Novice: 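Provided herewith is a single structure, encoded as structure tokens, for subsequent inquiry.
As the structure is a prediction and not an experimental result, all values here were calculated from the model.
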Amino acid sequence: MVLSDLGSKISQAIQKMGSADIINDEVVDKMMNTVSLALLQGDVDVKLVKKLKENVKTTCKVDTMASGVNKRKVIQNALLKGLCGLLDPGKDPFKPKKKRQNVFMFVGLQGSGKTTSCTKLAYYYRKRGWKTALVCADTFRAGAYDQLKQNATKAKVPYFGSYTERDPVVVAEKGVERFKKDKYEIIIVDTSGRHKQEDALFEEMQMVHKAITPDEVIFVMDSSMGQAAKLQATAFQGAVDVGSIIITKLDGHAKGGGALSAVAATGSPITFIGTGEHIDQFERFETKAFVDQLLGMGNLQGLKEIIEDKNVMESQEKLVQKITSKGGEFTFRDMYDQFQTLMNLGSFGKVMSMIPGFQNLMGEGREEQSQMRIKRFMTVMDSMTNAELDSDLKIFNMQPERLYRISIGSGVDQRVVWEVLETFKQFKRVADQLKVMGRSGLDFSRMHSVEKERNIQNLAGAMSPQILQRMGGMQNFANLIKQMDSMGGMNMHPSGGGGKKKRDLKGDGGGHDWGGAMCLQKTLLI
């Protein structure tokens, strides 16, 4: 996970404070010393750390608090608010408007991931129904246009550039003019990478800015720069009025904490973060959600966005319709589809970190093992006949010799085939419980508290005790379902503008939480 070591150290400090027999100013002081050390090791500026420590200690004068006040909660909230303050300059980023031309100009150091981020942003908006285009105004770096063209083709985004024109101002003007004429809503202009000491390139950047008059200037910064990013960001902002920041390579760099706080200190909000090389490893930055996920408190809103972005709920809706209909049964083909859905969600570790309390369940090396296990299970099911895929366990109970044929066909030991059958049993238990509850039994938003608790217990009862234990027990499972319910359930609604009307799983505005439950079940079975 992003900055996982920093998050773990701060989480441990909070937990140690929470487990203290007596909460007093001395306990708060010890907690803040541990937090401060973790932030300094994460390359956060010492002045910002000192300010955070003083603010928390000033807010949390525990010895003077009235009796009956939940001191642990007050201290935790004060620390969370302080951490959010490190990352949030209090300025709202530019929001593009539909049915008008929004021009973004990208600036940054060479090698910061600027061209890749241009494509990622174009892809992000295209997936959400915007008409997007790319313009390559980087005429300085050899191969820049080829890189953008290759990325744009992969993202299925129109692009403009030139192999012969060496003046970036001319290229930028022509590109923006062409796409404005064609009514493109998001026009992203990539410029040459430059350094604060390169005055000529800064003048060129200002000329491009004057020529295209962008709605937003985005500064792209490599997280590995740490605190040094502040000097660069400030220099760029002094030249072209940087409106927002994109931080790249946050998928595992120790200096990410310093980069985040340094950029926030410039007064420009962070809007997106790059978490990997792939085109979809690009996330909208929300300060509180980021801090919550960093500290192992989860990010259910982020999980919901991933599920909606990957169109998971559409396939889940078909499955629940089948299961709850008369004569509908959960089959091996359904489990195969569930595995495909899970693989499409991306990193298992990332998904797990978005579930409150689950941050450390996907240990080092386990993510790769889990993916290999699912692929092995899918290989086993690839060797099943259509009759076997469309059946449940009955066909194997009646004709166990089929298992030997499947193991030979898939090239695995029979033990692996038996593992597939055992996994199917666990899936089917949940599916059978959903069938008993029916579609109305999954709409927790319309139930009174007693009925809601009963149905949550029934759903948890269908899961294996081992899985429930890994989820933190019945209470933690119930809390997760309630959190999803408070967010309107894991409803399906197509993202983007394309005029599509939001649809929920019931079709009448109610929210169903079975989607979240099934995702938890699938993830934990691995």
Side-chain angles (χ1 to χ4, degrees), residues 93-110 112-194 200-221 236-237 239-246 268 271-272 279 282 496-497:
F94 170 74
K95 293 181 180 178
K97 297 178 175 62
K98 292 288 289 183
K99 296 182 179 178
R100 61 152 288 187
Q101 287 74 53
N102 304 274
V103 180
F104 294 87
M105 177 178 168
F106 272 57
V107 299
L109 300 178
Q110 189 169 339
S112 62
K114 181 166 48 60
T115 301
T116 302
S117 296
C118 284
T119 312
K120 286 183 174 183
L121 186 66
Y123 180 77
Y124 176 89
Y125 279 112
R126 186 186 72 78
K127 287 279 287 183
R128 286 156 178 77
W130 295 72
K131 193 175 179 183
T132 63
L134 287 163
V135 177
C136 180
D138 183 355
T139 60
F140 181 77
R141 178 170 63 91
Y145 181 38
D146 286 328
Q147 182 189 354
L148 184 135
K149 183 163 66 171
Q150 184 179 11
N151 290 348
T153 302
K154 185 177 180 181
K156 298 180 181 178
V157 173
Y159 58 89
F160 178 88
S162 175
Y163 285 114
T164 56
E165 179 59 62
R166 306 311 300 166
D167 187 346
V169 177
V170 174
V171 177
E173 273 189 310
K174 285 184 177 179
V176 171
E177 184 180 347
R178 173 181 293 187
F179 289 125
K180 277 188 173 181
K181 185 178 179 181
D182 293 337
K183 305 297 184 184
Y184 278 83
E185 297 168 309
I186 303 290
I187 304 169
I188 299 170
V189 181
D190 184 23
T191 64
S192 303
R194 62 205 78 229
L201 286 176
F202 260 69
E203 289 177 14
E204 175 192 283
M205 178 178 68
Q206 290 172 320
M207 290 170 65
V208 172
H209 182 272
K210 185 177 180 181
I212 65 174
T213 57
D215 297 285
E216 176 84 329
V217 176
I218 299 176
F219 175 63
V220 180
M221 191 203 71
F236 274 87
Q237 193 168 39
V240 291
D241 188 24
V242 172
S244 60
I245 311 289
I246 290 177
S268 296
T271 50
F272 290 91
I279 198 170
F282 190 66

Novice: For Ser112 and Gly108, indicate whether the former's side chain and the latter's backbone hold a donor-acceptor pair under 3.5 Å.
Specialist: no
Novice: Side chains of Lys120 and Thr116, heavy atoms from C-beta outward: is any pair under 4.5 Å?
Specialist: yes
Novice: Is a side-chain donor-acceptor pair under 3.5 Å present for Ser268 with Gln237?
Specialist: yes
Novice: So does Glu177 have more than 12 non-hydrogen atoms from other groups sitting under 6.0 Å from CD?
Specialist: no
Novice: Give a yes or no on whether Lys149 atom NZ has more than 12 heavy-atom contacts from other residues, nucleotides or ligands under 6.0 Å away.
Specialist: yes
Novice: If you take all heavy atoms of Thr271 and Ser244, which pair is closest and at what distance?
Specialist: CG2-CB, 3.5 Å
Novice: Start with the C-alpha gap between Trp130 and Asn102, add the side-chain angles, then the distance that decides, and say whether side chain to side chain contact (heavy atoms under 4.5 Å, CB included) holds.
Specialist: CA-CA 11 Å; Trp130 295 72; Asn102 304 274; 4.1 Å; yes
Novice: Begin with the C-alpha distance, continue with both residues' side-chain angles, and end with the deciding distance and a verdict on salt bridge (charged side-chain N to carboxylate O under 4.0 Å, His left out) for Asp215 and Arg100.
Specialist: CA-CA 11 Å; Asp215 297 285; Arg100 61 152 288 187; 2.9 Å; yes
Novice: Met105 and Met205: which non-hydrogen atoms are nearest, and at how many Å?
Specialist: CE-O, 3.4 Å
Novice: Set out, in order, the CA-CA distance, both residues' side-chain angles and the distance that settles side-chain hydrogen bond (donor to acceptor under 3.5 Å, both in side chains) for Glu165 and Thr139, then state yes or no.
Specialist: CA-CA 8 Å; Glu165 179 59 62; Thr139 60; over 6 Å; no
Novice: Determine whether Met221 and Leu109 make a side-chain contact, defined as any pair of heavy atoms from C-beta on separated by less than 4.5 Å.
Specialist: no
Novice: Any side-chain donor paired with an acceptor under 3.5 Å for Thr191 and Asp138?
Specialist: no
Novice: If every non-hydrogen atom of Phe202 is compared with every non-hydrogen atom of Ala239, which pair is closest and at what distance?
Specialist: CD2-CB, 3.6 Å
Novice: What's the shortest heavy-atom distance between Gly161 and Val171, and which atoms?
Specialist: CA-CG1, 4.3 Å
Novice: Can a side-chain donor-acceptor contact be found between Tyr123 and Asn151 if the only test is distance below 3.5 angstrom?
Specialist: no
Novice: Pair Leu121, Thr132 - check side chain to side chain contact (heavy atoms under 4.5 Å, CB included), show working.
Specialist: CA-CA 9 Å; Leu121 186 66; Thr132 63; over 6 Å; no
Novice: Check whether NZ of the Lys or CZ of the Arg Lys114 lies under 6.0 Å from the centre of the six-membered ring of Phe106 and within 45 degrees of that ring's axis.
Specialist: no
Novice: Taking side chain as C-beta onward, heavy atoms only, is Val176 less than 4.5 Å from Phe160?
Specialist: no
Novice: Within 45 degrees of the ring normal and closer than 6.0 Å to the centroid, is that where the cationic atom of Arg126 sits relative to Tyr124?
Specialist: no
Novice: Just how far is it from atom CD1 of Ile218 to atom CG of Asp190, taken to the nearest 0.5 Å?
Specialist: 11.0 Å
Novice: Does a side-chain heavy-atom distance below 4.5 Å link Tyr159 with Val157?
Specialist: no
Novice: Decide yes or no for Val135 and Ile187: does some side-chain heavy atom of the first lie under 4.5 Å from some side-chain heavy atom of the second?
Specialist: yes
Novice: Would you please test Asp146 and Gln150 for side chain to side chain contact (heavy atoms under 4.5 Å, CB included) and show each step?
Specialist: CA-CA 6 Å; Asp146 286 328; Gln150 184 179 11; over 6 Å; no
Novice: Roughly how far, to the nearest 0.5 Å, is NZ of Lys127 from NZ of Lys156?
Specialist: 9.5 Å
Novice: Give the minimum heavy-atom separation between Pro158 and Tyr184, together with the two atoms involved.
Specialist: CG-OH, 3.3 Å
Novice: Might you point out which heavy atoms bring Ile188 and Cys118 nearest each other, and give the distance in Å?
Specialist: CD1-O, 3.7 Å
Novice: Could you check whether Lys98 pairs with Glu185 (Lys NZ or Arg NE/NH1/NH2 to Asp/Glu carboxylate O, under 4.0 Å)?
Specialist: yes
Novice: For Val103 and Lys180, run side chain to side chain contact (heavy atoms under 4.5 Å, CB included): C-alpha distance rounded to whole Å, both residues' side-chain angles, the deciding distance at 0.1 Å, then the answer.
Specialist: CA-CA 9 Å; Val103 180; Lys180 277 188 173 181; 3.8 Å; yes
Novice: Taking Thr213 for its side chain and His209 for its backbone only, find out whether a donor-acceptor pair lies under 3.5 Å.
Specialist: no
Novice: Less than 4.5 Å apart, side chain to side chain, heavy atoms only: is that true for Val107 and Val220?
Specialist: no
Novice: Does the side chain of Ile246 come within less than 4.5 Å of Phe282's, by heavy atoms?
Specialist: yes
Novice: Does the side chain of Val189 come within less than 4.5 Å of Ile212's, by heavy atoms?
Specialist: yes
Novice: Under a 3.5 Å distance rule, please check whether Lys154 uses its side chain to pair with a backbone N or O of Ile279 as donor and acceptor.
Specialist: no
Novice: Report, as yes or no, whether the 6.0 Å neighbourhood of atom CZ on Phe140 holds more than 12 heavy atoms from other residues, nucleotides or ligands.
Specialist: no
